[in-house]
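The structure under discussion appears below in the form of structure tokens.
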Amino acid sequence: MRALIRQVSIFDGTGSALRTGSVLVEGERIARVAPGEDALADEAADLVIDGRGLTLMPGIVDAHTHLTWASSLEKVYHQFILPHDELKVAAWRNARVLLDHGFTSLYSAGALGDMIEPDLARAIEEGDTPGPRLVPSTLERSPEGDDTGDVFNGRGSEAMRRFVAYCADEGVKSIKLVVSGEDALKPGSAMDVLYTREEMLAAGEATREAGMWIACHTYSPEAIGLALDAGARILYHCSFADEATVERMAAEKDRFFYAPGPGVSVAALEANPPPHVDMTHMKASAKVRMDLEAKLIPRLKARGVRVLVGGDYGFPFNPHGRNARDLQHFVDYFGFTPAEALQAATQHGGELMGIETGVIREGWLADLLLVDGDPTQDVAILQDKDRLKMIMKGGKLHKAPSDILAGAGAGVAAAAN
């Protein structure tokens, strides 16, 4: 299908200023990007969308996604651990919810159930269920227990290799290693380091051999250093990074990505739980993290570290569907301009995914949003899914303007549903 999106204000994902133009999509990719008010006016197309007054931008990428953290704006769960079948239902739902809210790509930060995400990624790719592009993970691995052969636990280099081999066989693309403790769950544990250097290096070697990536939960300088030594693709949190760690992260900025995850911290601080729910530790941890990250992240950004959005959504107080709040958090807490926050969520997110998405450029994947308003001036408008007038993934319409659907043929209408 050839789709022509005319007379739009284009934010191309790179942080550049808006420019008026038109975009032609052929199949799953962008065929032409033409500047000018009347650009491509005579171009033949199966579908023409008049975007006058609207902003065309790349689809958003969430770099820290937990689809099996079940709660969404559509269904809240007050228990975290669910039966496997219910986790699967929730993950399928949450993928669609995120696409409904303009997220066209997700990088998983770990799952609560085995095989759920590889199966979901295949189902999305085959068109069996709606959802964003997904880099799937499996159970988050912590090294508790003895080396008894359990792939999800156990100590030592061989245990790590077994885990990586198991994940590769499942179709996992990125393994998740919990390298630091978590103050929000166990006060005082953020500085604990849960893996040895030998274990981390073994995981790094095994994932490289298998063509996989590593995502790491890290807080302390030592944990961050181990993750970098292992060749981790993305680091989460990093709140307690010291001066030497900042220098190393800056020096190696082209080798990794960083997603601090403010969404869960801000949501925890805002939460008003019922009397029987004690969030004392979580709120205290969130306050410490936000105070540290408010100083850390502007320094890393200034040094060229790619800071990405994605904030541990899926808790009942931080449900899926609110993920675009992270862009506003980057503005409010970390000193990003709206355009810089958008670049973090598009171009830099696409770089994390390792595919040609996140930028409006000829030859790249047509993962596009048509927005009512100018998010480069007010990034908060992306939190309102009703202002997303079109959602396109790979040239296929997940959502289109109602006037387009009203006059569309059956094939176009079906592609948008």
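Ion pairing between Glu198 and Arg155 fails under the 4.0 Å rule for side-chain N and carboxylate O. Salt bridge status for Arg289 with Glu182: present, with a side-chain N to carboxylate O gap under 4.0 Å. At a threshold of 4.0 Å, the pair Arg299-Glu243 counts as salt-bridged, since one of the basic side-chain nitrogens sits closer than that to a carboxylate oxygen. Taking 4.0 Å as the cut-off between side-chain N and carboxylate O, Arg248 and Asp229 count as a salt-bridged pair. Salt-bridge formation is detected for the pair Glu270/Arg325: a Lys NZ or Arg NE/NH1/NH2 atom is positioned less than 4.0 Å from an Asp or Glu carboxylate oxygen. Salt-bridge annotation for Arg32 and Glu26: absent, with no side-chain N of the basic residue lying under 4.0 Å from a carboxylate O of the acidic one. The pair Glu117-Lys176 does not meet the salt-bridge criterion, since no charged nitrogen lies less than 4.0 angstrom from a carboxylate oxygen. Under 4.0 Å is where a charged nitrogen must lie from a carboxylate oxygen, and between Asp119 and Arg122 at least one such pair does.
Distance alone, capped at 3.5 Å, is enough to place a donor-acceptor pair between the Lys173 side chain and the Gly211 backbone. Under a 3.5 Å cut-off, the side chain of Ser137 and the backbone N or O of Ser174 do form a donor-acceptor pair. No side-chain donor-acceptor contact under 3.5 Å links Lys389 to the backbone of Pro401. For Lys399 (side chain) and Leu99 (main-chain N/O), no donor-acceptor pair under 3.5 Å exists by modelled atom type. Formation of a donor-acceptor pair under 3.5 Å by the Asp312 side chain with backbone atoms of Asn318 is not found in this model. The closest donor-acceptor contact from the side chain of Thr65 to the backbone of Leu67 lies at 3.5 Å or more, if one exists at all. Not one N or O on the side chain of Ser189 forms a donor-acceptor pair closer than 3.5 Å with the backbone of Asp192. No donor-acceptor distance shorter than 3.5 angstrom exists from the side chain of Thr218 to the backbone of Leu235, with no hydrogens or angles considered.
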Val266 and Met290: side chain to side chain contact (heavy atoms under 4.5 Å, CB included), yes or no, with the steps? CA-CA 8 Å; Val266 175; Met290 290 302 296; 3.9 Å; yes

Run the side chain to side chain contact (heavy atoms under 4.5 Å, CB included) test on Lys253 and Arg303 for me, step by step, so that the C-alpha distance in whole Å, both residues' side-chain angles and the decisive distance to 0.1 Å come before the verdict. CA-CA 8 Å; Lys253 65 183 187 309; Arg303 300 290 297 276; 5.8 Å; no

Given side chain to side chain contact (heavy atoms under 4.5 Å, CB included), test Tyr107 with Val61 step by step and report yes or no. CA-CA 8 Å; Tyr107 191 104; Val61 182; 5.7 Å; no

Full working for side chain to side chain contact (heavy atoms under 4.5 Å, CB included) between Glu209 and Arg161: CA-CA 10 Å; Glu209 291 172 354; Arg161 294 181 182 279; 4.3 Å; yes

Which is it for Arg141 and Glu199 under the salt bridge (Lys or Arg N to Asp or Glu O under 4.0 Å) test, yes or no, and what are the steps along the way? CA-CA 12 Å; Arg141 191 186 194 281; Glu199 289 168 336; over 6 Å; no

From CA spacing to verdict: side chain to side chain donor-acceptor pair (under 3.5 Å), Asp100, His398: CA-CA 8 Å; Asp100 288 346; His398 177 68; 2.6 Å; yes

Evaluation steps, side chain to side chain donor-acceptor pair (under 3.5 Å), between Glu293 and Ser239: CA-CA 6 Å; Glu293 291 164 14; Ser239 314; 2.6 Å; yes

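In this structure, OG1 in Thr104 is found 9.0 Å from CD1 in Ile391, a value given to the nearest 0.5 Å. Leu56 CG to Gln7 CD: the interatomic distance, rounded to the nearest 0.5 Å, is 13.0 Å. With rounding to the nearest 0.5 angstrom, the CD atom of Gln343 is 8.5 Å from the OG1 atom of Thr337. Atom CG of Leu370 sits about 4.5 Å away from atom CG of Leu54, to the nearest 0.5 Å. Summarising the geometry, atom CG belonging to Leu342 is positioned 4.5 Å from atom CZ belonging to Phe11; distances are rounded to the nearest 0.5 Å. We find the CD1-CD1 distance between Ile234 and Ile214 to be 13.0 Å, quoted to the nearest 0.5 Å.
At least one side-chain heavy atom of Leu368 sits under 4.5 Å from a side-chain heavy atom of Ile30. Counting heavy atoms from C-beta outward, Asp372 and Ile381 have side chains that stay 4.5 Å or more apart. Counting heavy atoms from C-beta on, the side chains of Lys287 and Leu269 come closer than 4.5 Å. Between Phe336 and Val379, every side-chain heavy-atom pair lies at or beyond the 4.5 Å cut-off. Using a 4.5 Å heavy-atom cutoff, the side chains of Val371 and Leu388 are in contact.
In this structure, Lys301 forms no cation-pi arrangement with Phe334, as its terminal cationic atom is not both closer than 6.0 Å to the ring centre and no more than 45° off the ring axis.
Taking the ring-ring contact (aromatic ring centres under 6.0 Å, His included) definition, one finds that Phe240 meets it with nothing, sequence neighbours left out. Tyr77 meets the ring-ring contact (aromatic ring centres under 6.0 Å, His included) test with no other residue; sequence neighbours excluded. In this structure His237 satisfies the ring-ring contact (aromatic ring centres under 6.0 Å, His included) test together with His64, His217, Tyr219, sequence neighbours excluded. Gln377 meets the side-chain hydrogen bond (donor to acceptor under 3.5 Å, both in side chains) test with no other residue; sequence neighbours excluded.
Test Ile360, Val23, Leu18 against Asp12 for side chain to side chain contact (heavy atoms under 4.5 Å, CB included) and you get one pass: Ile360. Partner Leu4 forms a side chain to side chain contact (heavy atoms under 4.5 Å, CB included) with one of Asp50, Ile49, Leu24 and no other, that one being Leu24.
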Throw together a table of side-chain donor-acceptor distances under 3.5 angstrom for residues 349-359, partners on residues two or more places apart or in other chains.
from, atom 1, to, atom 2, distance (Å)
Glu351, OE1, Arg306, NH1, 3.4
Glu356, OE1, Arg29, NH1, 2.8
Thr357, OG1, Asp367, OD2, 2.8

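For the residue pair Met1 and Gly395, the shortest heavy atom distance occurs at CE-O, 3.8 Å. The two residues Leu300 and Tyr258 have their closest heavy-atom pair at CD1-CE2, 3.6 Å. The minimum heavy-atom distance linking Val179 with Met200 is given by the pair CG2-CE, 3.9 Å. Nearest approach of Val309 to Ala345, heavy atoms of both residues: CG2-CB, 3.7 Å. For Ala91 against Ile116, the heavy-atom pair with the smallest separation is CB-CG2, 3.8 Å. Across all non-hydrogen atoms, the minimal contact from Asp62 to Gly310 is OD1-CA, 3.5 Å.
Under a cut-off of 6.0 angstrom, the local environment of CG in Asp169 is crowded, with over 12 non-hydrogen atoms contributed by other residues, nucleotides or ligands.
Applying the ring-ring contact (aromatic ring centres under 6.0 Å, His included) test to residues at least two apart or on different chains, the pairs with a partner in residues 281-316 are Trp69-Phe315, Phe80-Phe315, Phe315-Phe317.
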